[in-house]
Amino acid sequence: ATQPIAPVAQVQPATVADIPAIARAMAQNVTASGMPRSYVEPSNDYYREVFKGRENAHESVIERLMIRYELNIYDGAVWQIALSLQGNPAYQELVEAQTRRLLSGRAGSLGILAQSPAFTYNGQPVTGDGAFIFRSIAEIYGPMTDPLTNSSVAPAGFPQAEQGLHKADFRPVLGENAWATIIGPIQSAYLQHGSQIPMDSPAMRLAVSKLKSFEVMQDAFTGGVLYAPAGTPGAQEGGISAENNISLLAALRMLREAIGARDPATTRIIDELITRDNKGPGIEDYFTERVYNPAQGILSSGGFVSRGLDGTPHFEAYENLAVDVQTWGLTVLGADWVDKQFGEGTAFRIWSNTRQRAGLIENGVLQGVGYTDGTSMLSGEWTLGAVRMAKEMANTYRISHPDWAQQLRQDADNMLLGVQRLKVSNPDGSIGYLYANMDGPTGFGWMARRIQHTGATNGWMILTLTDFNPFVLGGGVE
């Protein structure tokens, strides 16, 4: 695939007429068995440019292997919803196969469940179906071939280098599991079955399978659900991610609505997770008490619980700006809820602060947002999440603050156009969207790249053009 080296601003935004071509790029970027991939592999010229001087550093090799072989399961969930919206039987088969793949606990020849004893869930062992799925899955452990060197020999510093090149990322993360086991499968099943998704369907079985583990992982002091089990590389002990809890809250509300009155025992578990009960605070309490940072006028990205010598718990909030916590947070919690909790206009100010700190603004016009503080990065996927938020908030404020509503609608239109600079017209007529407008760190432990992201960026573009809110069962489409 050829890469535009410098994405340039466009004159026209995407339209619904582009959806079939965007969906085609998604449906064809799959492995031989039909497992979706997150990214389209770029040319080696691109790799030589971005890895110049550190082509063989083990981090560079791992990144190239992940692009070639792996799927981030959140990308897979967005991919499922976007393809389900097409009403295409061949696409629907791919979508359902992905749900069955996750439900089986295997991708190809590789187990994908983070089971005890390697992982411990808030002090408890978890094995079998209840275990989280690794955030990134592949169909083989190894040997893998580096696309740049065409070699399977591992460079110095590569984990277990004597085994050659192999899958090296094993991180079971809460947020990806909320998307992959509930949001993606349940939205797709809803689009297929309507409101009565069969309780014995693969989607419903997958969605219910992790609830007990979410319950085990709920922190008794804050009500937030922990980011990852102990044993996860790079995860802070007692760490809680606000974004992960936003995704989980939306997922649980959606699942509760999909179940209805059919399974009271399961809906009771969901209610206990969301709201305060005799076991302690719920996820909603975590958002009421722990997330708003009034000094910065933003939602905090999370924090961690530590215990004093006498065992007293203490919650320390992170101070960094995570753009998706603002955009997804305001979408899921609702501007009206935020304003009721923290004062009239708080939600609008949170967006204004985010826009100022992380917006790419050209000639006074907002083009999109990056991942955190900075004014040159544009993330396609995170910008489209901001478009969703702006539309929802404009609706909330349309009567009480018509001037804010007008600005939010303008921001949504401007950002939708801004993302169009990431569009790639492929030789076969399909349309891809680059993950970002430049290469560099996101600030969250992974890299932004100018490569086609047929998982979530293409997927979010379809959701945006269809006016489908992935956080609400059925998309909130009237």
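All figures in this text were calculated on a predicted structure; none of them were measured in a lab. Residue numbers start at 1 and run along the sequence shown.
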What are the two closest non-hydrogen atoms of Met144 and Ile140, and how far apart are they? CE-O, 3.5 Å
So, do Leu174 and Leu226 sit near enough that their side-chain heavy atoms are less than 4.5 Å apart? no
Answer yes or no: is there an ion pair linking Asp271 with Arg276, defined by an N-O contact shorter than 4.0 Å? no
Output every pair passing side-chain hydrogen bond (donor to acceptor under 3.5 Å, both in side chains) with a member in residues 324-342, not counting sequence neighbours, ordered by first then second residue. Asp339-Tyr397
Out of curiosity, Asn469 CG to Thr466 OG1, how far, rounded to the nearest 0.5 Å? 12.0 Å
When rounded to the nearest 0.5 angstrom, what is the spacing between CD1 in Ile259 and CD1 in Ile186? 7.5 Å
I need the minimum non-hydrogen distance between Pro172 and Pro229, along with the two atoms involved. O-CD, 3.3 Å
Begin with the C-alpha distance, continue with both residues' side-chain angles, and end with the deciding distance and a verdict on salt bridge (Lys or Arg N to Asp or Glu O under 4.0 Å) for Asp467 and Arg388. CA-CA 8 Å; Asp467 206 23; Arg388 176 80 262 149; 3.3 Å; yes
Let's go through Arg307 and Glu237 carefully: what are the C-alpha distance in whole Å and the side-chain angles of both, what is the deciding distance for salt bridge (Lys or Arg N to Asp or Glu O under 4.0 Å) to 0.1 Å, and is it a yes or a no? CA-CA 11 Å; Arg307 310 221 170 248; Glu237 190 178 348; over 6 Å; no
From CA spacing to verdict: side chain to side chain donor-acceptor pair (under 3.5 Å), Glu243, Ser247: CA-CA 6 Å; Glu243 175 272 306; Ser247 297; 2.9 Å; yes
Residue pair Asp411, Trp351: steps toward the side chain to side chain donor-acceptor pair (under 3.5 Å) verdict: CA-CA 10 Å; Asp411 283 350; Trp351 168 238; 2.9 Å; yes
Aromatic centroids of Tyr121 and Phe132 separated by under 6.0 Å: yes
Is there a donor in the side chain of Ser38 and an acceptor in the side chain of Asn72, or the other way round, less than 3.5 Å apart? no
Answer yes or no: is there an ion pair linking Glu257 with Arg253, defined by an N-O contact shorter than 4.0 Å? no
A side-chain contact here means heavy atoms from C-beta on lying under 4.5 Å apart; do Pro470 and Trp460 qualify? yes
Indicate the ring-plane relationship of Tyr435 and Tyr39, choosing parallel, tilted or perpendicular according to the 30° and 60° boundaries. perpendicular
Minimum-distance pair of heavy atoms, taken over all atoms of Ala138 and Glu70: CB-CG, 3.9 Å
Asn293/Ser300 under side chain to side chain donor-acceptor pair (under 3.5 Å): CA gap, chis, key distance, verdict: CA-CA 6 Å; Asn293 178 331; Ser300 147; over 6 Å; no
Hey, are Arg205 and Asp129 close enough for a salt bridge, meaning a charged N less than 4.0 Å from a carboxylate O? no
Looking at Phe170 versus Phe119, is the centre-to-centre ring distance below 6.0 Å? no
Do Ile133 and Glu176 come within less than 4.5 Å of each other through their side chains, counting heavy atoms only? no
Is any side-chain heavy atom of Arg106 closer than 4.5 Å to one of Ile112? no
Which distance, rounded to the nearest 0.5 Å, do you find between the CZ of Arg101 and the CG of Leu206? 12.5 Å
If we count only N and O atoms by modelled type, under 3.5 Å, do the side chains of Glu96 and Gln192 hold a donor and an acceptor together? yes
Hey, does the Lys NZ or Arg CZ of Arg64 hover above the aromatic six-ring of Phe51, less than 6.0 Å from the centre and inside 45° of the axis? yes
Determine whether Leu71 and Gln98 make a side-chain contact, defined as any pair of heavy atoms from C-beta on separated by less than 4.5 Å. yes
With a 4.5 Å heavy-atom cut-off, do Phe468 and Leu463 have their side chains touching? yes
Run Ser188 and Gln80 through side chain to side chain donor-acceptor pair (under 3.5 Å) and show every step you take. CA-CA 6 Å; Ser188 302; Gln80 283 186 298; 4.8 Å; no
Please determine which of Val40, Ile451, Ile62 meets the side-chain contact (heavy atoms from CB on, under 4.5 Å) test together with Ile67. Ile451
Does the ring center of His314 lie less than 6.0 Å from the ring center of Phe221? no
To the nearest 0.5 Å, atom OH of Tyr69 lies from atom CE of Met35 at 11.5 Å
